[in-house]
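Shown next, in structure tokens, is the structure this report addresses.
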Amino acid sequence: MMISEPPSTPRILLVDDEIPQLLLRAQVMTLRGFPVLTAESPGDAISIVAEEAIEKVELVVVDYNMPGMNGCDLADLLKVIRPELKIILYSGATDVPRNEMTSIDTFVSKADGITALIAEVTELTQVGGSSPTALTRDAEHLYRVHTQQR
């Protein structure tokens with residue numbers, strides 16, 4: 001009898017120059033069961049994706065407003081390096097021009113919260129169920145409290 005291994009959970013790269021939010025988001029995603037890497041700048045993100053690691057990044061969550069390069073430009077560069085990457089634009093910016101989002105698979109507003117982001121990550125990676133768990137609701141509350149204190 002052959003026993004097949006369960007599919008591995010995809011590795012996610014979170015990119016945001018707002019470090020406290022980035023670290024909190026990483027913690028929530030990790031608690032949700034996703035292996036997470038973080039990058040505090042577009043340059044760091046490019047370096048991470050370009051590395052030939054055993055476990056490659058499969059999905060990138062980028063902020064729009066970052067110093068040096070916006071999230072859409074970063075997405076364009078990352079798709080040149082790895083065309084199969086899935087990319088979510090997770091931003092508080094509400095005026096991102098549609099014509100800039102050519103390499104973005106989906107947009108999630110930060111105003112919609114971490115639960116909406118987790119749902120999109122789950123859908124794009126086809127991992128787990130899309131309904132929120134108690135852990136996700138608790139994490140959402142913690143995330144909202146933290147971001148309102150800024």
Side-chain angles (χ1 to χ4, degrees), residues 8-128 130 132-133 135-150:
S8 64
T9 304
R11 184 171 289 212
I12 299 168
L13 174 62
L14 303 175
V15 187
D16 199 326
D17 62 314
E18 294 182 29
I19 298 168
Q21 282 191 25
L22 174 68
L23 296 177
L24 182 59
R25 197 172 308 125
Q27 184 178 18
V28 170
M29 298 296 287
T30 300
L31 288 172
R32 188 68 168 100
F34 292 100
V36 175
L37 298 170
T38 60
E40 299 171 7
S41 72
D44 290 345
I46 292 166
S47 295
I48 290 169
V49 169
E51 288 178 7
E52 288 297 321
I54 293 173
E55 293 184 53
K56 291 185 178 181
V57 169
E58 295 179 36
L59 183 134
V60 182
V61 178
V62 299
D63 185 27
Y64 181 74
N65 292 313
M66 294 184 288
M69 179 183 306
N70 72 45
C72 292
D73 291 340
L74 174 60
D76 290 341
L77 287 172
L78 295 177
K79 289 274 190 167
V80 168
I81 297 168
R82 300 255 321 280
E84 75 280 6
L85 273 177
K86 299 290 185 195
I87 300 178
I88 296 175
L89 180 62
Y90 185 63
S91 179
T94 57
D95 57 350
V96 179
R98 285 272 181 222
N99 64 343
E100 286 187 28
M101 292 197 279
T102 56
S103 295
I104 301 297
D105 292 289
T106 192
F107 172 82
V108 178
S109 172
K110 285 184 179 178
D112 293 338
I114 194 77
T115 302
L117 177 61
I118 290 171
E120 288 297 329
V121 167
T122 300
E123 185 174 320
L124 283 177
T125 60
Q126 300 176 359
V127 173
S130 60
T133 63
L135 173 63
T136 304
R137 286 189 299 273
D138 292 344
E140 174 71 23
H141 175 72
L142 174 66
Y143 188 78
R144 285 191 187 276
V145 167
H146 177 76
T147 55
Q148 288 172 354
Q149 292 174 352
R150 295 186 311 127

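Just so it is clear, the structure is predicted and the values come from calculations on it, not from any experiment.
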So, taking the atom named [atom1] in [X] and the one named [atom2] in [Y], what distance separates them when rounded to the nearest 0.5 Å?
X	Y	atom1	atom2	result
Asp44	Leu74	CG	CG	10.5 Å
Thr106	Met101	OG1	CE	9.0 Å
Ile19	Leu24	CD1	CG	13.5 Å
Ile114	Arg32	CD1	CZ	11.0 Å
Leu85	Leu124	CG	CG	11.5 Å

Taking C-beta and beyond as the side chain, do [X] and [Y] meet within less than 4.5 Å on heavy atoms?
X	Y	result
Leu117	Arg25	yes
Tyr90	Glu120	no
Thr125	Glu58	no
Met69	Leu77	yes
Leu22	Asp63	no
Lys79	Asp105	yes

Next item on the list: Run through Asp76, Leu89, Ile88 and flag the one making a side-chain contact (heavy atoms from CB on, under 4.5 Å) with Ile104.
Entry: Leu89
Checklist line | Qualifying residue for side-chain contact (heavy atoms from CB on, under 4.5 Å) with Cys72, from Val62, Val96, Ile87, Asn99 | finding: Val96
Taking all heavy atoms of [X] and all of [Y], pick out the closest pair and write down the distance.
X	Y	value
Ile81	Ala50	CG2-CA, 4.0 Å
Ile48	Thr38	CD1-O, 3.7 Å
Val108	Ala116	CG1-CB, 3.9 Å
Pro42	Met66	CG-CE, 3.9 Å
Lys56	Arg82	CB-NH2, 3.7 Å
Gly33	Pro35	O-CD, 3.7 Å

Notebook entry, point to check: Between Glu100 and Tyr64, does a side-chain hydrogen bond (donor to acceptor under 3.5 Å, both in side chains) hold up when you go through it step by step?
Noted result: CA-CA 11 Å; Glu100 286 187 28; Tyr64 181 74; 2.7 Å; yes
Next item on the list: Inspect the contact between Lys110 and Asp16 and indicate whether a charged nitrogen and a carboxylate oxygen are less than 4.0 angstrom apart.
Entry: yes
Note to self: Test side-chain contact (heavy atoms from CB on, under 4.5 Å) on Val28 and Ile118; report intermediate values, then the result.
What the structure shows: CA-CA 9 Å; Val28 170; Ile118 290 171; 3.9 Å; yes
Next item on the list: Go through the steps to decide whether Ile46 and Leu78 satisfy the test side-chain contact (heavy atoms from CB on, under 4.5 Å), and finish with yes or no.
Entry: CA-CA 7 Å; Ile46 292 166; Leu78 295 177; 4.2 Å; yes
